[in-house]
Each structure stands twice: as structure tokens, then as C-alpha cells.
Amino acid sequence: MDQPTHSPLVDDSTGPKSLYILTPIFALGILFYILRIYTRVIPTYRLDASDHASTIAVLASAVTYTLFAVAVANGFGRHSVYVTPDSSVKILQCLYGVIITGLWASVFARISVACMLLEFTASATWRVILWISIIFQAASLISTEVVELVQCQPIHAFWEKVPGGKCFSPPVMWTLGYVFTGKSREEKALVSAH
């Protein structure tokens, strides 16, 4: 009986392709942010909570993008057989940072939108809903960050083998991720109904 033949692995990477897609989007986002802040400062200074939340989101996005680019430079996107153990550690360290800072970017972007909507509504009901949304976002960020920081003991067990190190099982982390995403979507649907 003939054995199935497998084509040899190709030493290429999807990482740079991801950066080719993300870079123009990220640059456009930075341009819009700069234009927004410029129009809020010139001719008169009128920054508000939505601008400050937006600034935190943009800074967190810049850190996230940089960490992702460093991960790609270390081989993220290549087949694992072509990535050295040292590079694997560096990639996982960067991706851990992406998880931590990416949450800040996402949450503060939503908080910025909620703060902006507070400016446009006079309805007490919608103001309460928006404030609940802001509080929920802040609470979800704190709880998710705590889980991310304690998921591996010691913390560097996330990116390298540590004698006696323990991490939450992947299904536990997936479940927590689904809960965060589901609650965020539920909250977005509630706010978008405004």
C-alpha cells in the first residue's frame, strides 16, 4: 500500500503579511487621533474624558502594535520547526504583552465612545446605562488583567518551561475569553440601541 506523501514544510512567514495589513490601518488610526486632538485643542482647549480615554487607547494600541512587530521580527508567523527556542521565548513574551496591552486599547476605546455619547444625551435613563457601561468596562478590564497576571505561577511560566510552574488550562482561559467577549458585545448592543 502506498504511503501518503507529505509536502515538505516551507520556511515562510505569515507575520510580515499581517503587518502589511495592520500597518496602514494603525497609521490611519493614529492620523485620525492626531486630527481629533488637534481640533479639540486648536483654537481653544476643550479636551474631555472621551479624549483622555481615547489617548489611553491609542497609547495601548501603539504598545500592542510594537510588541506584535517585535514578535514577527523574532519569527512569529513562521512554522514552529523554524523558530529557535530563544526566539520562541521572545515571541511568547511579546504576545503576553500584546494580551495585556491589547485589552487596555479595546476597553478604553469603548469607554471613550461611552463618554462621547454622554455628551449627546439628556435622557437620565441613557446616562445611567452609559455610566453602567463605563463601570462594567473598567471592572472587566481589572478582572481580566488579574486573571492574565495570575494564570501562570510564576508568571514567566507563560513563555518558558519552569520547574513546578503551573498555568490555567487552555479551556479555562478560552472560557474566560468568551465571557469577556460576550459581555462586551452585549454591552455594545445595549449602547448602540441608543
Side-chain angles (χ1 to χ4, degrees), residues 15 18-72 76 93-151 155 158 173-194:
S18 298
L19 284 175
Y20 299 151
I21 295 167
L22 291 175
T23 301
I25 296 168
F26 178 69
L28 194 59
I30 295 294
L31 176 66
F32 285 140
Y33 168 77
I34 290 169
L35 289 172
R36 173 185 172 163
I37 296 300
Y38 178 81
T39 61
R40 306 279 287 169
V41 173
I42 305 295
T44 58
Y45 185 90
R46 57 184 199 279
L47 295 178
D48 60 17
S50 69
D51 299 309
H52 298 301
S54 169
T55 298
I56 294 170
V58 167
L59 291 173
S61 294
V63 171
T64 301
Y65 175 84
T66 302
L67 289 169
F68 182 76
V70 171
V72 168
F76 183 65
Q93 287 171 333
C94 289
L95 295 181
Y96 188 76
V98 165
I99 292 167
I100 299 295
T101 59
L103 289 169
W104 283 74
S106 174
V107 166
F108 276 95
R110 288 192 286 263
I111 288 174
S112 176
V113 170
C115 288
M116 195 181 322
L117 290 173
L118 279 170
E119 305 256 336
F120 297 124
T121 187
S123 165
T125 303
W126 278 109
R127 293 185 72 74
V128 167
I129 289 171
L130 289 169
W131 275 110
I132 289 171
S133 169
I134 291 168
I135 292 166
F136 169 78
Q137 288 299 320
S140 68
L141 175 64
I142 291 166
S143 60
T144 304
E145 290 292 318
V146 166
V147 169
E148 291 297 335
L149 292 172
V150 301
Q151 74 172 308
I155 200 167
F158 183 86
M173 294 308 295
W174 298 333
T175 301
L176 292 171
Y178 292 142
V179 168
F180 177 79
T181 303
K183 284 298 190 186
S184 295
R185 287 189 178 181
E186 182 181 291
E187 178 264 334
K188 276 194 253 182
L190 182 63
V191 170
S192 67
H194 174 36

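Along the sequence shown, residues carry numbers from 1. As the structure is a prediction and not an experimental result, all values here were calculated from the model. Basis for what follows: all heavy atoms, side chains included, without hydrogens, waters or symmetry-related copies.
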Under the side chain to side chain contact (heavy atoms under 4.5 Å, CB included) rule, what do Leu28 and Phe32 come out as? Steps first, then yes or no, please. CA-CA 6 Å; Leu28 194 59; Phe32 285 140; 3.6 Å; yes
Does [Y] offer a backbone N or O that forms a donor-acceptor pair with the side chain of [X] under 3.5 Å?
| X | Y | answer |
| --- | --- | --- |
| Asp48 | Asp51 | yes |
| Thr23 | Tyr20 | no |
| Thr39 | Leu35 | yes |
| Ser50 | Met116 | no |
| Ser112 | Phe108 | no |

Listed partners of Tyr33 passing ring pair (Phe, Tyr, Trp, His ring centres under 6.0 Å), at least two apart: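 Scan of Tyr33 (ring pair (Phe, Tyr, Trp, His ring centres under 6.0 Å), adjacent residues dropped) gives none.
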Indicate yes or no: at least one non-hydrogen side-chain atom of [X] is less than 4.5 angstrom from one of [Y].
| X | Y | result |
| --- | --- | --- |
| Gln151 | Tyr96 | yes |
| Ile56 | Ile111 | no |
| Phe76 | Val98 | no |

Between [atom1] of [X] and [atom2] of [Y], what distance do you get to the nearest 0.5 Å?
| X | Y | atom1 | atom2 | answer |
| --- | --- | --- | --- | --- |
| Leu130 | Glu119 | CG | CD | 11.0 Å |
| Gln137 | Ser106 | CD | OG | 7.0 Å |
| Phe136 | Leu141 | CZ | CG | 11.0 Å |
| Cys94 | Ile99 | SG | CD1 | 11.5 Å |
| Leu149 | Phe158 | CG | CZ | 11.0 Å |

Where [X] and [Y] come nearest, the two heavy atoms and their spacing:
| X | Y | answer |
| --- | --- | --- |
| Trp104 | Ile100 | CD1-O, 3.1 Å |
| Ala62 | Thr66 | O-OG1, 2.8 Å |
| Leu95 | Ala71 | CD2-CB, 4.3 Å |

Parallel, tilted or perpendicular: rings of Phe26 and Tyr65 (30°, 60°):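 Taking Phe26 first and then Tyr65, their aromatic rings lie parallel (interplane angle under 30°).
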Only pairs at least two apart or in different chains count here, so list each salt bridge (Lys or Arg N to Asp or Glu O under 4.0 Å) that has a residue in residues 133-150.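 The answer is none; no pair qualifies.
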Let's go through Ile134 and Leu118 carefully: what are the C-alpha distance in whole Å and the side-chain angles of both, what is the deciding distance for side chain to side chain contact (heavy atoms under 4.5 Å, CB included) to 0.1 Å, and is it a yes or a no? CA-CA 11 Å; Ile134 291 168; Leu118 279 170; 3.8 Å; yes
Could you work out, with salt bridge (charged side-chain N to carboxylate O under 4.0 Å, His left out) as the rule, every residue matching Arg127, not counting sequence neighbours?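 Result, salt bridge (charged side-chain N to carboxylate O under 4.0 Å, His left out) vs Arg127: none returned.
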